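Chain letters run A, B, ... following the sequence lines, proteins first and then strands; every chain starts at 1. Predicted model, so just to flag it, every value in this text is computed and none were measured.
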Amino acid sequence: MSGALGKDLLGLEHLSADQIRLVLDTAEPFKEISERAIKKVPVLRGKTIVNLFFEASTRTRISFEFAEKRLSADTVNVAASGSSVVKGETLVDTARNLEAMRIDMVVMRHGSSGAAKFLADRIESTVINAGDGKHEHPTQGLLDLLTIRDHRPIAGTKVCIVGDVLHSRVARSNIWGLLKLGAEVAVCGPQSLLPLGIEALGVQVFRRVEEAIAWADVLNVLRLQLERMQAGYIPSLREYYRHFGVTVERLEKAPRDLLILHPGPMNRGVEIDSRVADGPHSVILNQVTNGVAVRMAVLYLLAGGNPELAEAAKGGSDR
Amino acid sequence: MPTDERQLLLDERAFARTLHRMALDILRQNPDPDRLVLIGIQRRGVELAARLASLLAQETGAQVPRGALDITLYRDDFEVIGPRPLVGPTHLPVKLDGREAWIVDDVLFSGRTVRAALDELADFGRPARIGLAVLVDRGGRELPIQADVVGERVPTAGGDRVEVFVRELDGRDAVEVVRAGRAAP
């Protein structure tokens, strides 16, 4: 089983620009399905998909589940807290047991970077990474790209990722995807929350959010995980907002209107001003809508296809 | 060396005449144009539906709504050949319930595309009736499906191709049949 994207979707780092464009172009017609009265097409009928979430997630899990159901797949949700994982079962054993029940795909969220690849190397089923540690969150990267592309061509657009880049898998998937499609990419945040040597990827660094706002066409504002304060990365949330908060006052000084993205869930008044989050240039809810379409496209492109049967069936179809 | 042989089935004038006859045939079967909706199958069916709609407007003065259907996600060969690129959007301008809906496509062959279109339309509503209008019926049905309005019938063998060209996409209106070359004995 290997289609245009290969067996698995583990990250955007190893996809080509053409593969990324294929997902975005495929997502386009999938948007319409969610606007129908009957929001369902039969294409993945009979496929079984397990959503294996070892970390808390609402948005991503529900978005995948809607995408799967709208393509008519059968789905099962496994949350780590209620599963045999708490009894000490290893990741591979859990997955092999699921595979013994004849599944086709696993969508996995896991706290360890590299967990998705680890699993993909050991099971036959297709693995889709729904976030692994600080590594990648490819479908979030893709839906961010789709949302930007809805408003402007990605090539040449200046995108700044603001906030906790160090711990962010969303930032990594965004950086890979944006650079491959020809955007200019920058990051901005406290020095303690920017990875060392990130410039080597071809990314600019801004120390002050005002500079980032003056430069960028698009801001992707990351969630500041509240635990970071206890761990000593930042002195306080108020201090963070004062220096790095994306506020109306700061945006008003920008030479042009900026498109505002946020992967959610938001901490209003920490990384983003409520008036910005709900303002005219926020596309945060468009991101959520696009998330379902992008995930439908990914599931569709990774599913099915049997080359031997295709050979046998030649000549039988319309065109 | 087997060589393919290309035959012209409809030239520009015959193409126009055929479409006109098809429009009249649709009207004969559905005299009330206000209840009609034409649904073209991506790709060339969409252009043909647009042509038929403007011919119907000329004949009756009524604007017949037209939509587009991409049946890729309803195909019965996904398990076999896997995902294909989607070729275009699905867009239905009006509620189908109670309408006389006409599926418009360029070539009718196995009937599997029409089967998929019927399944997809059922997810959008319940038309009073669904008709099928095709520019070319080339035979070779694999399902019990027949068209209500046919522009031109041409018997073909499995390896032959029927190629429809429309001005909007191809710069000219024509239908050609490419007969597969038979291998030399």
Any chance CZ of A/Arg122 has more than 12 other-residue heavy atoms, nucleotides or ligands included, within less than 6.0 Å? yes
For the CD atom on B/Gln63, are there more than 12 heavy atoms of other groups (residues, nucleotides or ligands in this structure) within a distance under 6.0 Å? no
Counting only heavy atoms not in B/Arg129, do more than 12 sit closer than 6.0 Å to its CZ atom? yes
If you count every heavy atom of other residues, nucleotides or ligands that lies below 6.0 Å from A/Lys39 atom NZ, does the total exceed 12? yes
Smallest heavy-atom separation, B/Tyr74 atom then A/Lys40 atom, equals OH-O, 3.3 Å
B/Pro83 and A/Ala303 have their tightest heavy-atom pair at CD-O, 3.1 Å
Atom pair CD/CZ of B/Glu120 and A/Arg36 - distance to nearest 0.5 Å: 4.5 Å
Heavy atoms of other groups near B/Phe165 CZ, more than 12 under 6.0 Å: yes
Could you list which of residues 27-34 of chain A have a heavy atom closer than 4.5 Å to any heavy atom of chain B, in residue-number order? A/Pro29, A/Phe30, A/Glu32, A/Ile33
